[in-house]
*Asks:* 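Got a structure here, written out as structure tokens. Questions coming.
Position 1 is the first residue of the sequence, and the numbers go up from there. Values reported hereafter were calculated over all heavy atoms of this structure, with side chains retained and with hydrogens, waters and symmetry mates removed.
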Amino acid sequence: MPSEFNNDIVFARFINYMKKALLHKRINYLKHCKFLKEQELQLEDKEWNVLSSKDNMVHSFFAFNGKDEQSILKILTEKQRQVITAIYYEEKTIETIAKDLKLTPNAIYQIKFRAIEKLNKYLKGE
């Protein structure tokens with residue numbers, strides 16, 4: 001075999017190795033996520049309170065300056081609140097929301113954009 005193909009063979013082996021390694025990492029990640037989800041479901045309120053008091057990271061999309069999500073969402077119009085809730089809490093697609101509200105997907109994008117803009121201004125204190 002000519003030596004010019006030796007590098008290609010080594011590279012191909014490396015690519016196959018990396019594919020397998022990434023697949024195993026993905027499998028381990030999914031197993032870990034499943035394990036964590038099971039652990040979360042078993043936690044009681046007291047345990048959640050202890051964890052949340054030690055946790056200084058902001059996990060919520062809207063948590064800011066000690067304000068809770070519901071009070072912040074009240075500054076939005078009813079349609080904006082419906083769209084934001086459907087997208088971020090119910091994890092619905094734009095098309096599904098458009099169908100539910102009998103609007104076009106473009107209208108949903110506009111409502112979402114304006115709602116996020118309004119929330120940003122509110123949270124920045126403008």
*Asks:* Any salt bridge (charged side-chain N to carboxylate O under 4.0 Å, His left out) pairs touching residues 89-100, not counting sequence neighbours?
*Replies:* Glu90-Lys92, Lys92-Asp100
*Asks:* With a 6.0 Å cut-off (strictly less than), is the heavy-atom count around CZ of Arg114, excluding the residue itself, greater than 12?
*Replies:* no
*Asks:* My understanding is that a hydrophobic cluster links ILVMFWY residues whose side chain heavy atoms are under 4.5 Å apart, including indirect links. Using that, what else belongs to the cluster containing Phe35?
*Replies:* Leu36
*Asks:* With rounding to the nearest 0.5 Å, note down the distance linking CZ in Arg81 to NZ in Lys74.
*Replies:* 8.5 Å
*Asks:* Linking Ile, Leu, Val, Met, Phe, Trp and Tyr by side-chain heavy atoms under 4.5 Å, what else ends up with Leu30?
*Replies:* Tyr29
*Asks:* Only one of Leu101, Ile108, Asn106 forms a side-chain contact (heavy atoms from CB on, under 4.5 Å) with Thr104, so which one is it?
*Replies:* Asn106
*Asks:* Please report the interatomic distance NZ(Lys20) to CD1(Ile15), rounded to the nearest 0.5 Å.
*Replies:* 13.0 Å
*Asks:* Atom CG in Leu76, atom CD in Gln82: separation rounded to 0.5 Å?
*Replies:* 11.0 Å
*Asks:* May I ask you to test the Ile87-Thr93 pair for a side-chain heavy-atom distance under 4.5 Å?
*Replies:* no
*Asks:* If you take all heavy atoms of Pro105 and Ala98, which pair is closest and at what distance?
*Replies:* N-CB, 3.7 Å
*Asks:* Within the 4.5 Å heavy-atom criterion, are Lys79 and Leu103 side-chain neighbours or not?
*Replies:* yes
*Asks:* Would you check if Lys118 and Thr77 make a side-chain contact, meaning some heavy-atom pair closer than 4.5 Å?
*Replies:* yes
*Asks:* How many angstroms lie between atom CG of Leu119 and atom CD of Glu117, to the nearest 0.5 angstrom?
*Replies:* 10.5 Å
*Asks:* Ile94 and Val83: side chain to side chain contact (heavy atoms under 4.5 Å, CB included), yes or no, with the steps?
*Replies:* CA-CA 9 Å; Ile94 298 291; Val83 169; 5.8 Å; no
*Asks:* Group every Ile, Leu, Val, Met, Phe, Trp and Tyr by side-chain heavy-atom contacts under 4.5 Å, then state whether Ile97 and Phe113 land in the same group.
*Replies:* no
